[in-house]
Amino acid sequence: MTYDPQELEPRWQNVWAEQEAFKAQIDKSKQKFYCLEMFPYPSGHMHMGHVRNYSIGDAMARFHRLMGKNVLYPMGYDSFGMPAENAAKKEGGHPHKVTHSNISSIRSDQERMGYSYDWSRFLATSDVDYYKWNQDMFLTLNERGLVERRMAPVNWCVDCDTVLANEQVKNNRCWRCGLEVVQKDMAQWFLRMTEYSDELLDELDNISFPENVKTMQRNWIGRSNGAHIDFPVDGTDSVIGVFTTRPDTIFGVTFVTVSPEHELCEQLCAGTKWEGGWRNLKEECAKISEFERINMLKDKKGVFLGKNAINPISGEKVPIYAGNFVVSSYGTGAVMGVPGHDQRDFDFAKEYELEIKRVLIEDNGDIPDSPQHRAFEGYGQMVNSSIAGFDGLSGEQAKQAVISTLEESGSGRGKVEYRLKDWLLSRQRFWGTPIPMIHCESCGVVPVPREDLPVQLPLDVIFTEEQSGNPLASHSSFVDTRCPSCGINARRETDTMDTFYDSSWYFMRFCDANNDSEPFDRQAVDYWMNDGVDLYIGGIEHAVMHLLYARFFTKFTRDSGMNDVGEPFGRLVCQGMLNAPAPYCSECNSEYHVDYSGSDCPSCGDQLSSRSAKMSKSLGNTVSPEDMISKYGADTVRLFILFGANPEAGMDWSDSALEANNRQIYSIIDAFESSLNFTNSPSDIDHWLSARLRENHRKWVKAMSDVSLREGVMVSHFQMLSDWNWYIRRGGRDKSATIQFLKGWAPMLAPATPHLAEEFWKKIGQGGIVANLEIENPGENPDDLLTMAKEKFVKDIISSGRNLKTLAERHSKADITKVVIQTSPKWKADLALEAIRLNDENFDFEEEGHRHLKALDVFNNEKTRGEVFQAWSSFTTGSKKKRGRIHTWSDGEKSLISMEIDETKVINANSGFIATELGVETVEAYGAGQGEDVGGKAKLASPLEPGIAFV
RNA sequence: GCAGGGGUACCCGAGCUGGUCAAAGGGGCCGGACUUAAGCUCCGGUGCAUAGUGCUUCAUGGGUUCAAAUCCCAUCCCCUGCACCA
């Protein structure tokens, strides 16, 4: 057939659209399946990473529709953000325009791929229809006390001209542009995500995220149990609060260290001779680069601040230092120095010749006063406590004892600290949701009343390259307003929201995307979001940021009575990297742009080899989906993507594999084509074909349900074809049997290659379209195992015959023209039958096998006794390396033996086929002992494993 | 350093609740059929040995077991995340 995907694919896409095949509606009588991909930022065209993401999602959506589920599979765009703003500056336009032209371009790419989205739920977060609900929910957050505006040291990216959330800083660099971030003090809007720290952490145990994602989130939340302890500063009213996870080491404190930025530093040393040293240290810490930070790990530095702190439990006075290794943002920004039991403190103490005290012993027999060469950081019995009642305690008990004592004296308490910080929401950028707040000179900060929403982004802003800062701030018609509470002139907030806010609830909006009276209807969300999104597919890069924010948001909306569910995502699948070859220098261990392929390493001059690397613009090893679609069609690209690797695994791009998948499609087409000429001509192999359909269907459903798409496709696009080919080879050509098979096959092709599936469905004369089909379960047929085992018996004879023939050829001078097959003698078959029967009764062959055998009649014949014994062992206990046959025969094979099938008859019935396959003129078969023992092969004959000789 | 995940035949990749595993499937390569020929398609082969049940293989070295790619321990290497978090 002429296969023209450029004609065929759009044609079916139109049919789907006309029939609204993918429109989802609530139907409580059906089981729902919510399939979602992390929606894209519309950056112009779709890239291969998108293709992989959506091909996985689409296959699953289509599969579950075939399974009769009510599938919600929407698509939209995360369309606020910096790139559009930068592009607008460059082109002198407005981000709104840039965004919309990008959206239509990526959307048409997606449509060309044939993804089965319910486009009626389309949304773009930068549209006011969407972001007005951002604002609405911001007011709700505010009402619930989860919004806070405060001065805070923030991460500032000079290049992006805005602040960044902690999650957006990677290695002290901006996640977007890679520039190093600087610290700045600013008034900022925060969402109090830490209110949910415990739930965010604890719920991780109950959700099915991949383990690495859970770990990342756990690390990020970073809960630690410990104690807050106040150390009064000697001779002042000040108190230094420290956080420690090891209150059991309190008696070992020999100094206190605060971060150089700590507010107490100045108080303590101002005007003293110590002040200079502190200022130097502070300055040094403020401007150190990332590179120096890593070096600093080895180099602990500190300065004495001129005062002592008092250990609240022992009353001892210890010096206070400012230290470069204390993180100002964690805990209280101050730590107690216990050099005996913390390696960092130990290093510090050595450096500054501070006392090292042992207050825990490792083993019971250890001497409490022995000197230490390193810190002992484990748990152990307390020793050397300066007050009674503590020595001898260890671990949790010791910690508790210290905490209670501190609590009694009011100088400390048990405390849980988190690494997680509140979500810094505000951005000093234009292209985001305006924060609906108003600054009034007399009333302070006042929320915009709900009825005044939305606060719209002005469309009459001109963007230019020279511009710096936020254009909103200088746009007077936006900024100037009146105070909603007192009515005097006031100023609008010009900060906009982090775009992660937009993506924190879009999955709920999709449930009710066109609602214009509220963010979403509760009933709709409760239906679709029950147990969360059933399958959520996206990149690992969002493991902490998006996935944590979305979890937080869902809990907040739940607590506001907007929905029932507390965890937004059920099963999360993070698709693997898409790699492609890139030039590589093993000497320098680095990859280069594809422009260098074939030439020498630009830095060391060695010859460049090649290795696979993540597809990236900077390496130039990307592949354009459009090119591939126009060359092979969407179905081939989809098949390649799904067959190349399971969703989570990384995969390598390969042009030759893509071509091979294209050829596979042609072969499948041939199969469907050839059936059209068949007539009514039934044969035995027809039963085998339908047995294979049922078997493959069962395997396919299992694999697909597990999101093992590669395995699923292996069945639907490879195994099915190879079974078809075998059927043809065996002379099958019956119209009704093949139609039955193809009718079962066509829908199985739909998840990966939906256009082809529709074409075939029509070709074999079925009504309707596959997209609307609920697949019939072909069910089970009790004879299938037997049918397949019988065919396998023939296949095995051919397969081992082929091996043996090549061996035989070495020994035979004349041409081989005949194969003699001696089937198992009756007594062996009986023995096998007996073994199977006993095995079904859980007979213990190890213990009782021999006794049982000796009681059998066959064992009485002295001449064959040895052979009987051998056969029995090979059937039952097996040898050292091989298990007994009773364990290795399939159920079908066991039935063949149990039914005492006449192997000779089966072979004779298929002798023509066997002869052709083995390239001989005649096939002769008889039971061993009933004819000449050609080649002495009779003794090898065993049930289902006849002796084969070539002559 | 800590945590998570890995190392399987020429390559990619399954298997890893121990036996049916010389190890699925694909790519590549080799051979055969078809063809005027190439391509396509189909069939076979692809550790070594061998007229069949044998030997050596699943990062390395040990161990458990009648039996290990699969379980345990140690080592080496790779990826990913966090990184002076008290």
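Order of the sequence lines sets the chain letters (A, B, ...), proteins ahead of strands, with each chain counted from 1.
- Position along RNA chain B of the nearest nucleotide to A:T806 versus A:N661 favours A:N661 as the more 5'-ward residue.
- Rounding to whole angstrom units, CE of residue A:M336 and C1' of B:C84 are separated by 17 Å.
- In terms of phosphate contacts, A:S224 brings a side-chain nitrogen or oxygen within less than 4.0 Å of OP1 or OP2 of B:A86.
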**Request:** Show the numbers, then the answer: is there a ring pair (Phe, Tyr, Trp, His ring centres under 6.0 Å) between A:F672 and A:W724?
**Result:** CA-CA 10 Å; A:F672 278 84; A:W724 172 267; 7.5 Å; no

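- Residue A:E659 contributes atom CD, which lies 16 Å from atom C1' of B:U41 at whole-angstrom precision.
- Between B:G6 and B:C12, the distance separating the two C1' atoms is 15 Å to the nearest Å.
- Residue A:K937 is classed as a base contact, given a heavy-atom separation below 4.0 Å to a base.
- Look at the C1' atom in both B:A3 and B:A68: the space between them is 29 Å, to the nearest Å.
- Taking atom CE of residue A:M720 and atom C1' of nucleotide B:A24, one finds them 18 Å apart after rounding to whole Å.
- Contact of A:R710 with B:G26 (side chain to base): no donor-acceptor pair of N or O atoms is detected under 3.5 Å.
- Of the side-chain N and O atoms in A:Y330, one or more sit less than 4.0 angstrom from OP1 or OP2 of B:A86.
- At B:U41, one or more side-chain N or O atoms of A:R663 fall inside 4.0 Å of OP1 or OP2 (strictly under the cut-off).
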